[in-house]
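Below: the structure, in structure tokens.
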Amino acid sequence: MNRLFIRESQGRLTTEMGNPIDKVNIAVTGLGQNVGTTFVASSLAFYFAEKGNKLTFTQCLTPSRCNTLLYDAAAMDKRFHNRVFNDFYELIKEGKPIKDKKNMECGINWRIPMPRDCERKLDLNQEERARLIQGCRGQICIYDFEADEDWDKFLLDMDLTVVVVDPLPSKLIRHSDRFKRLKQMELAGTQMKWLINRVNGGVNQRQVKGYLKSNDLIFVETFPIEAIYADELFCKFHWQNKEIKCKLMDVFTKVSHEMDVL
């Protein structure tokens with residue numbers, strides 16, 4: 001496929017920073033599959049990176065079950081042309097060190113599976129998953145978690161978990177068991193923020209609040225599908241789309257205030 005890749009300016013925003021912060025772990029998971037988890041997680045990573053934080057982004061996925069990859073969507077093969085892209089899943093499966101390995105692009109260290117990991121079904125066991133998470137370095141570490149009970153165990157180690165929800169009624173019904181499990185974790189003390197993605201005129205916010213048993217929800221309106229397709233065609237992260245970035249800034253400011261990061 002003939003896609004156009006243009007490297008944009010690497011300029012970074014600056015802000016007055018207080019005292020140096022310790023490592024902050026933020027998980028982003030979905031109430032189910034295909035709800036926009038990676039879209040939210042990667043955009044959140046850009047938000048914090050542009051504030052001057054050392055940022056590491058880690059995808060916690062099961063390669064054998066992946067239908068799409070951020071690696072492909074963001075054209076990492078083009079971005080890392082003539083550079084080595086470290087395959088963390090392969091390194092972990094082979095028992096090799098990962099501590100000092102980095103894939104720096106746009107001020108973010110990307111620890112994400114590659115297409116070959118899916119082809120070879122390099123699924124991590126629980127010990128290897130723990131190593132992937134515990135080996136993360138940075139002021140702020142964003143984890144894009146697959147909506148899976150085996151990965152959910154690691155949410156207990158996070159400073160904050162953002163749960164992405166698609167308000168389509170059939171999806172809410174289909175994911176009721178997962179909602180109960182995540183809600184139990186929240187009631188037990190796991191700090192969570194519920195982000196309702198793809199909100200449009202057909203969404204009854206009162207009904208969503210009632211179903212999720214919370215008034216403390218963050219609503220994100222749906223973005224034009226044309227913009228999503230165009231971003232991938234031109235090998236752009238969605239955060240690099242000015243319209244999307246502008247609308248997400250206020251949303252992520254609320255998340256950052258929850259963490260007292262900025």
Side-chain angles (χ1 to χ4, degrees), residues 6-18 20-21 23-31 35-59 70 73-74 104-110 138-145 158-167 191-201 203 205 208-209 214-232 234-262:
I6 301 174
R7 186 177 295 279
E8 299 186 359
S9 169
Q10 296 296 305
R12 297 172 64 183
L13 300 179
T14 58
T15 182
E16 274 196 29
M17 303 294 292
I21 62 172
K23 174 182 172 183
V24 176
N25 292 314
I26 303 177
V28 182
T29 190
L31 188 58
V35 297
T37 304
T38 297
F39 166 77
V40 172
S42 60
S43 297
L44 186 61
F46 272 97
Y47 171 84
F48 282 117
E50 289 185 351
K51 296 296 184 182
N53 299 287
K54 294 181 179 178
L55 204 296
T56 296
F57 180 93
T58 302
Q59 281 195 303
L70 179 60
M104 297 302 301
E105 176 66 12
C106 300
I108 298 171
N109 179 21
W110 300 93
Q139 285 179 304
I140 297 181
C141 295
I142 304 290
Y143 302 87
D144 175 4
F145 275 98
M158 300 291 123
D159 296 296
L160 175 68
T161 295
V162 178
V163 183
V164 183
V165 180
D166 187 322
Q191 188 174 2
M192 291 187 176
K193 291 297 295 184
W194 298 79
L195 187 150
I196 316 305
N197 195 25
R198 302 169 181 167
V199 175
N200 56 69
V203 174
Q205 295 191 14
V208 174
K209 290 178 180 178
S214 174
N215 289 318
D216 186 22
L217 305 177
I218 298 175
F219 290 89
V220 179
E221 66 181 79
T222 190
F223 295 101
I225 192 65
E226 296 86 354
I228 303 299
Y229 275 70
D231 288 344
E232 284 206 15
F234 290 99
C235 307
K236 295 170 61 177
F237 289 98
H238 296 308
W239 183 259
Q240 295 170 325
N241 182 308
K242 293 182 179 179
E243 179 183 358
I244 292 176
K245 177 178 178 178
C246 182
K247 291 182 178 180
L248 289 179
M249 284 292 291
D250 290 341
V251 173
F252 293 155
T253 297
K254 293 178 182 178
V255 175
S256 69
H257 286 167
E258 288 288 328
M259 296 301 304
D260 291 329
V261 172
L262 300 176

Q: Could you walk me through whether Asp231 and Ile244 pass side chain to side chain contact (heavy atoms under 4.5 Å, CB included), step by step?
A: CA-CA 11 Å; Asp231 288 344; Ile244 292 176; 3.8 Å; yes

Q) Hey, are the side chains of Val208 and Val203 touching, using non-hydrogen atoms and a 4.5 Å cut-off? A) yes

Q) Counting distance only, does the side-chain N/O of Gln139 pair as donor-acceptor with the main-chain N or O of Lys54 below 3.5 Å? A) yes

Q) Strictly by modelled atom types, are Thr222 and Asn200 linked by a side-chain donor-acceptor pair under 3.5 Å? A) no

Q) For Asn109, what residues pass the side chain to side chain donor-acceptor pair (under 3.5 Å) criterion, not counting sequence neighbours? A) none

**Q.** side chain to side chain donor-acceptor pair (under 3.5 Å) partners of Thr58, counting only residues at least two apart
**A.** Arg111

Q. For Ile108 and Ala49, which heavy atoms make the closest approach, and how far apart are they?
A. CG1-CB, 3.8 Å

**Q.** Minimum heavy-atom distance Gly36-Arg198, with the two atoms named
**A.** N-NH2, 3.5 Å

(Q) Just verifying a value: how many Å separate Thr38 OG1 and Gln59 CD, rounded to the nearest 0.5 Å? (A) 5.0 Å

Q) Passes side chain to side chain contact (heavy atoms under 4.5 Å, CB included), Phe48 versus Ile26? Steps please. A) CA-CA 11 Å; Phe48 282 117; Ile26 303 177; 3.7 Å; yes

Q. Within a strict 4.5 Å, meaning less than it, do heavy atoms of the Thr37 and Phe145 side chains meet?
A. no

**Q.** Closest approach of Ser43 to Trp239 (non-hydrogen atoms, all atoms of both residues)
**A.** O-CE3, 3.6 Å

Q. Under 3.5 Å, is there a donor-acceptor pair linking the side chains of Thr29 and Tyr143?
A. no

Q. From Leu31 CG over to Asp166 CG, what is the distance, rounded to the nearest 0.5 angstrom?
A. 9.0 Å

Q) Given side chains that start at C-beta, do those of Lys245 and Phe46 come closer than 4.5 Å, heavy atoms only? A) no

Q: Take the angle between the ring planes of Trp110 and Phe57 and call it parallel below 30°, perpendicular above 60°, tilted in between.
A: tilted

Q: For Asp144 and Ala41, work out which heavy atoms get closest and say how close.
A: CB-CB, 4.0 Å

Q.
I need the Ile140 CD1 to Lys23 NZ distance, nearest 0.5 Å.
A. 12.0 Å

Q: Start with the C-alpha distance between Val35 and Asn197, add both sets of side-chain angles, then the distance that settles side chain to side chain contact (heavy atoms under 4.5 Å, CB included), and finish with yes or no.
A: CA-CA 7 Å; Val35 297; Asn197 195 25; 5.9 Å; no

Q. Do the side chains of Cys106 and Gln240 get nearer than 4.5 Å, heavy atoms only?
A. yes

Q.
Holding to ring-ring contact (aromatic ring centres under 6.0 Å, His included), I want the full list of residues that pass it with Phe219, two or more places apart in sequence or in another chain.
A. none

Q: Rounded to the nearest 0.5 Å, what's the gap from CE on Met158 to CG on Asn25? Could you check?
A: 4.5 Å

**Q.** Sole residue of Ile196, Leu248, Val199 in side-chain contact (heavy atoms from CB on, under 4.5 Å) with Val220
**A.** Leu248

Q: Evaluate side chain to side chain contact (heavy atoms under 4.5 Å, CB included) for His238 paired with Ser42, printing each intermediate quantity in order.
A: CA-CA 8 Å; His238 296 308; Ser42 60; 5.7 Å; no

Q: First locate atom CZ of Phe252, then atom CD1 of Ile218, and finally report the distance between them rounded to the nearest 0.5 Å.
A: 9.0 Å

Q.
Distance check, rounded to the nearest 0.5 Å: Leu55 atom CG versus Glu50 atom CD?
A. 10.0 Å

